[in-house]
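Numbers for residues simply follow the sequence, beginning at 1.
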Amino acid sequence: MTTRLEARATHHGAARPVGRATVDGSAGSRIYLGLALGMSVTVYWGFGYTYFRPLLTGAYPEVPVLVHVHGWSFFLWFLLLPVQAWLIGSGRRRAHVLLGGASVVLAAVMVLTGVLVASVRIDQGLSAAAPDEFTAFWRDFGQLIMFNMVVFVLFYATAIAKRKQPAVHKRMIVLAGAGALPAAIFRVVVGVFGFYWLATPGWVMPAAFFLPAAFVLVG
């Protein structure tokens, strides 16, 4: 028996299949857009405490330009993330592909500058005879942060390699995005609970690295 939806498609000469596959595809697009928006909001929420607010009030400490380049390439990548999800979900594939090139450039800058900054900080932390709170933080967690960047690179590189396989590509993008979230989630937890970021309880750092899995589980 022909359903009303199928009959309407036949009447208008539609070539693509309708019904469950179409509904599932639409729902899937909304899910991925929601995940992308959720990750982006998390990034801007977390760094609002330690970057945007201090920067706007003139309280941000003087740091090398490389730190700002790393930060803004990171912020712009996450700004593009929901835009890309919306573009592909609304059928604007050409625009999605064009912006994909900008996403790759931002990711390359983000990782390169991140590795350079982290390498210097880790070296300072490991070589300091009497490390202060800042160098001790990098001594204890710097290698974990570096590993985090490796995870992002692996998932993002796989996403690019599988860009002609949409089902795999979008899943790898979610994994890459989640892999880049621990720094933001750490700041969210610190900001919400009012902790001093260089002297947090022992559970905060593990939580920052495991909570991004919530986005993967929802997906």
Compare all side-chain heavy atoms of F141 with those of F186 and state whether any distance is below 4.5 angstrom. no
Would a distance-only check, ignoring hydrogens and angles, find a side-chain to backbone donor-acceptor pair under 3.5 Å from R171 to A167? yes
Minimum-distance pair of heavy atoms, taken over all atoms of G38 and F215: C-CE2, 3.6 Å
Check step by step if ring pair (Phe, Tyr, Trp, His ring centres under 6.0 Å) holds for F78 and W45. CA-CA 12 Å; F78 272 97; W45 178 13; over 10 Å; no
Output yes when a side-chain donor or acceptor of R163 lies under 3.5 Å from a complementary backbone atom of I160, and no otherwise. yes
Are F137 and M205 side-chain neighbours, meaning at least one heavy-atom pair lies under 4.5 Å? yes
If we only count heavy atoms from C-beta on, is the V174 to F155 side-chain gap below 4.5 Å? no
Less than 3.5 Å apart, any donor N or O on the side chain of T50 or Y60 sitting next to an acceptor on the other? no
A side-chain contact here means heavy atoms from C-beta on lying under 4.5 Å apart; do R121 and F134 qualify? yes
Side-chain heavy atoms under 4.5 angstrom apart, residues restricted to Ile, Leu, Val, Met, Phe, Trp, Tyr: same cluster for I88 and V104? no
Between S40 and P82, the two heavy atoms sitting closest are OG-CD, 3.1 Å
Less than 4.5 Å apart, any side-chain heavy atom of Y156 and any of S103? yes
CD1-NZ distance between I173 and K162, expressed to the nearest 0.5 angstrom: 14.0 Å
Quick one: CG on L175 to NZ on K170, what's the gap to the nearest 0.5 Å? 13.0 Å
What do the steps show when you test W72 against V109 for side-chain contact (heavy atoms from CB on, under 4.5 Å), and what is the final call? CA-CA 10 Å; W72 281 101; V109 173; over 6 Å; no
Passes ring pair (Phe, Tyr, Trp, His ring centres under 6.0 Å), F52 versus F75? Steps please. CA-CA 11 Å; F52 295 110; F75 300 141; 4.7 Å; yes
Could you give me the CA-CA distance, side-chain angles and deciding distance for H68 and L55, then say whether side-chain contact (heavy atoms from CB on, under 4.5 Å) is met? CA-CA 11 Å; H68 292 291; L55 200 64; 4.2 Å; yes
Contact summary for P212 and A178, nearest pair of heavy atoms: CB-O, 3.2 Å
How long is the span from the OG1 atom in T135 to the CD atom in Q124, to the nearest 0.5 Å? 8.0 Å
May I ask you to test the W203-V189 pair for a side-chain heavy-atom distance under 4.5 Å? yes
Taking all heavy atoms of A118 and all of M149, pick out the closest pair and write down the distance. CB-CE, 3.9 Å
Do V188 and F210 sit in one hydrophobic cluster, given that two such residues count as connected whenever their side-chain heavy atoms are within less than 4.5 Å of each other, even indirectly? no
Are M110 and V120 connected, step by step, through hydrophobic side chains (Ile, Leu, Val, Met, Phe, Trp, Tyr) whose heavy atoms are closer than 4.5 Å? no
Decide if atom CZ of F147 counts as having more than 12 heavy atoms of other residues, nucleotides or ligands within a radius under 6.0 Å. no
Looking only at heavy atoms, the pair that brings A176 and F152 closest together is O-CD1, 3.2 Å
Gap separating the CD atom of Q165 from the OG1 atom of T158, nearest 0.5 angstrom: 11.0 Å
Is M146 reachable from L126 through a run of I, L, V, M, F, W or Y residues, each pair having side-chain heavy atoms under 4.5 Å apart? yes
Does the pair Y32 and W86 meet the rule for a ring pair (Phe, Tyr, Trp, His ring centres under 6.0 Å), with working shown? CA-CA 9 Å; Y32 280 95; W86 174 77; over 10 Å; no
Got a second to check how far H96's NE2 is from L80's CG, nearest 0.5 Å? 10.5 Å
So, do F74 and W77 have ring centers that fall under 6.0 Å from each other? no
If you take all heavy atoms of P131 and A136, which pair is closest and at what distance? CB-N, 4.0 Å
Does the pair W197 and Y49 meet the rule for a ring pair (Phe, Tyr, Trp, His ring centres under 6.0 Å), with working shown? CA-CA 11 Å; W197 77 278; Y49 291 114; over 10 Å; no
Atom pair CG/CD of L79 and Q84 - distance to nearest 0.5 Å: 11.0 Å
Is the side chain of H70 donor-acceptor paired with the backbone N or O of T113 at a distance under 3.5 Å, no angle test? no
Is it the case that one hydrophobic cluster holds both L35 and L217, taking links as side-chain heavy atoms less than 4.5 Å apart, direct or via other members? no
Taking P182's backbone N and O only, do any of them form a donor-acceptor pair with N148's side chain (distance below 3.5 Å, no angle check)? no
